[in-house]
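Here the structure comes first, spelled out in structure tokens, and everything after it is commentary.
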Amino acid sequence: MKVCPQCQSTYSDDALKFCRLDGTLLVISAANEAPTKTFGSANSPTIPVQTQTLRLADDTRPETHYAKSGDVNIAYQVLGEGPIDLVYVQGWVSHIEYGWEQPIVANFFRRIASFSRLILFDKRGTGLSDQTSELPTLEQRMDDVRAVMEAVGSERAVVFGMSEGGNMALLFAATYPERTLALITFGVFAKRVWDPDYPWAPTPEARKGFYDAIEKEWGGPIGIEDIAPSVSADPQFRDWWASYQRRSCSPRAALALAQMNTLIDVRDVLPAIRVPTLMMHRKDDRDVSIEEGRYIASRIPGAKFLELPGQDHLIYAGDQDSVLQPVQEFLVELQHPEEIDTVLATVLCVMANDESAIDPDERLRAMARREAEWFKGRGTENERNGFVAIFDGPVRAIRCACAIGKATQQAGLRTRIAVHTGLCEVTGDKIGGPAPDISRQLAGAIESGQIVVSNSTRDLVSGSGIRFREDEQRLGSLAGVSEIFLVDCDNSFRP
């Protein structure tokens, strides 16, 4: 049975997604349930998608349910009624019920659930999920996430992976973008054993030492000094961590999972990720080098990478606010994305052509920004090389280009300047779209000291007094522009 949260109309057709009366997305109606218990696949409970955010009490704990993934039962919990579903993929081993016994863990999850609908689960072979005799593949673990999402009625969710859970989150986002609203990672690695092209991972000898520690010391707080140094001297936390690992899986299973993690390599997956991505990594993480985070972020198109203070690899150890605040802001942006205005504008692009100068781009930007403001242009702050601004008229853009050329020449900077009129996408203080791309290509192709305009700009300045070099008007086709013209700044503004 499905219900419309707007008009409360009910429908028995499970295939129907939207209310026939007002078009609102339908949710699954859930009956009252008894406290924590297990369910078979046939009567696994469904939980409706919520749209309101609630403040959670300090003693709030979720119930544990089971979802069927093939013939394996996956334990999961749901907490919170925020407007966005967030699937949290935990690290190496986990126990979703015993985790709540540790106050800093419980506080971390309650904070996330205060601004989302938090979905927790134990991966197969760990915690309350079925133990398996065979090592799970990443594909099987992705199937487990889909099974849990289906059980709770989540069509799309933010996937948040920590440490080893981040590998599967990366693969899930690349494989199922239609189910992934966004991707968040913390302390993630792409490979778990040293490679000449990935020199930050542990060596085979270091991994062997870790295997030996599991075989000989399982039951104690293994690795606590490296993964959570800020709380490693706390007797209560040490005892909880040792018990948490024991309850999460057996020594033999822990060793098998550690050996499986050593084989992980998701480097080739990274360029295929096309969902909004937030990556976080503590600068002095003792277990996973921040260089690994930088490497991964540089290969995911458009990924935002935050370097956080601290040494802890465990996400809930250390300063939680530095982690949770960016996550909450990221989710707010997903709920209320900035509107993209597509406008016709004239784009001016200035590039430095003097590698010997000290900070040429920074000096150039300062001078170009000053002139652009004078000519009522709008500059962008996210340009890595040079300066880009848009103008609502081509004449002001060309006059600004000449002013910048003169100012930079007097300052001893050599520049290349291009102006093109076309469609731009304006989002906040960011300028994108075809026109800025073409202006960049034009600026990158011309000679030092030149100022050029495309034919689309030249055609709009008739009668303005702006002149072009008659002997070098036609410079050939470039970047979809039929002609480009050299501006004669010396003679353009004479009476």
Do the ring planes of His95 and Tyr98 sit parallel (below 30°), tilted (30 to 60°) or perpendicular (above 60°)? perpendicular
Residue pair Asp85 / Glu155, side-chain heavy-atom distance below 4.5 Å: no
Is any side-chain N of the basic residue among Lys68 and Glu150 closer than 4.0 Å to the acidic one's carboxylate O? no
For the residue pair Ser94 and Ser248, confirm or rule out a side-chain donor-acceptor distance under 3.5 Å. no
Pair Asn167-Arg192, side-chain contact (heavy atoms from CB on, under 4.5 Å): steps then yes or no: CA-CA 10 Å; Asn167 312 128; Arg192 204 47 174 157; over 6 Å; no
Is Glu101 paired with Arg247 through a side-chain N to carboxylate O contact shorter than 4.0 Å? no
Which label fits Tyr88 and Phe160: parallel for a plane angle under 30°, tilted from 30 to 60°, or perpendicular past 60°? perpendicular
Are any of the side-chain heavy atoms of Val87 and Val148 separated by less than 4.5 Å? no
Do Arg416 side-chain atoms and Gly444 backbone N/O form a donor-acceptor pair below 3.5 Å? yes
Check step by step if side-chain contact (heavy atoms from CB on, under 4.5 Å) holds for Val158 and Ser116. CA-CA 10 Å; Val158 174; Ser116 73; over 6 Å; no
Is there a side-chain contact between Met149 and Tyr76 (heavy atoms, below 4.5 Å)? no
Tell me whether Asp130 contacts the main-chain N or O of Arg124 through its side chain, where contact means a donor paired with an acceptor under 3.5 Å. no
The single option from Val89, Ile74, Asp122 passing side-chain contact (heavy atoms from CB on, under 4.5 Å) against Asp144: Ile74
Give a yes or no on whether a salt bridge exists between Glu291 and Arg294, defined as a side-chain N under 4.0 angstrom from a carboxylate O. yes
Donor on one side chain, acceptor on other, Asp143 and Ser69, under 3.5 Å: no
Would you please classify the geometry between the Trp241 ring and the Tyr244 ring as parallel, tilted or perpendicular, with 30° and 60° separating the classes? parallel
Taking it one step at a time, do Leu255 and Trp218 satisfy side-chain contact (heavy atoms from CB on, under 4.5 Å)? CA-CA 10 Å; Leu255 177 60; Trp218 192 255; over 6 Å; no
Closer than 3.5 angstrom, by distance alone: can the side chain of Arg286 be matched with the main-chain N or O of Ile227 as a donor-acceptor pair? no
Side chains of Val78 and Pro62: closer than 4.5 Å at any heavy-atom pair? no
Would you confirm whether Arg282, through its side chain, and Leu314, through its main-chain N or O, come within 3.5 Å as a donor-acceptor pair? yes
Report yes if the side chains of Tyr66 and Leu128 come closer than 4.5 Å at any heavy-atom pair, otherwise no. yes
Spell out, as yes or no, whether a donor-acceptor pair under 3.5 Å connects the side chain of Arg365 to the backbone of Phe387. no
Salt bridge between Arg414 and Glu447, side-chain N to carboxylate O under 4.0 Å? no
Taking everything shown except Arg252 itself, do over 12 heavy atoms lie less than 6.0 Å from its CZ? no
Report yes if the side chains of Phe121 and Val145 come closer than 4.5 Å at any heavy-atom pair, otherwise no. yes
When you measure from the side chain of His281 to the backbone N and O of Val288, does any donor-acceptor pair fall under 3.5 Å? yes
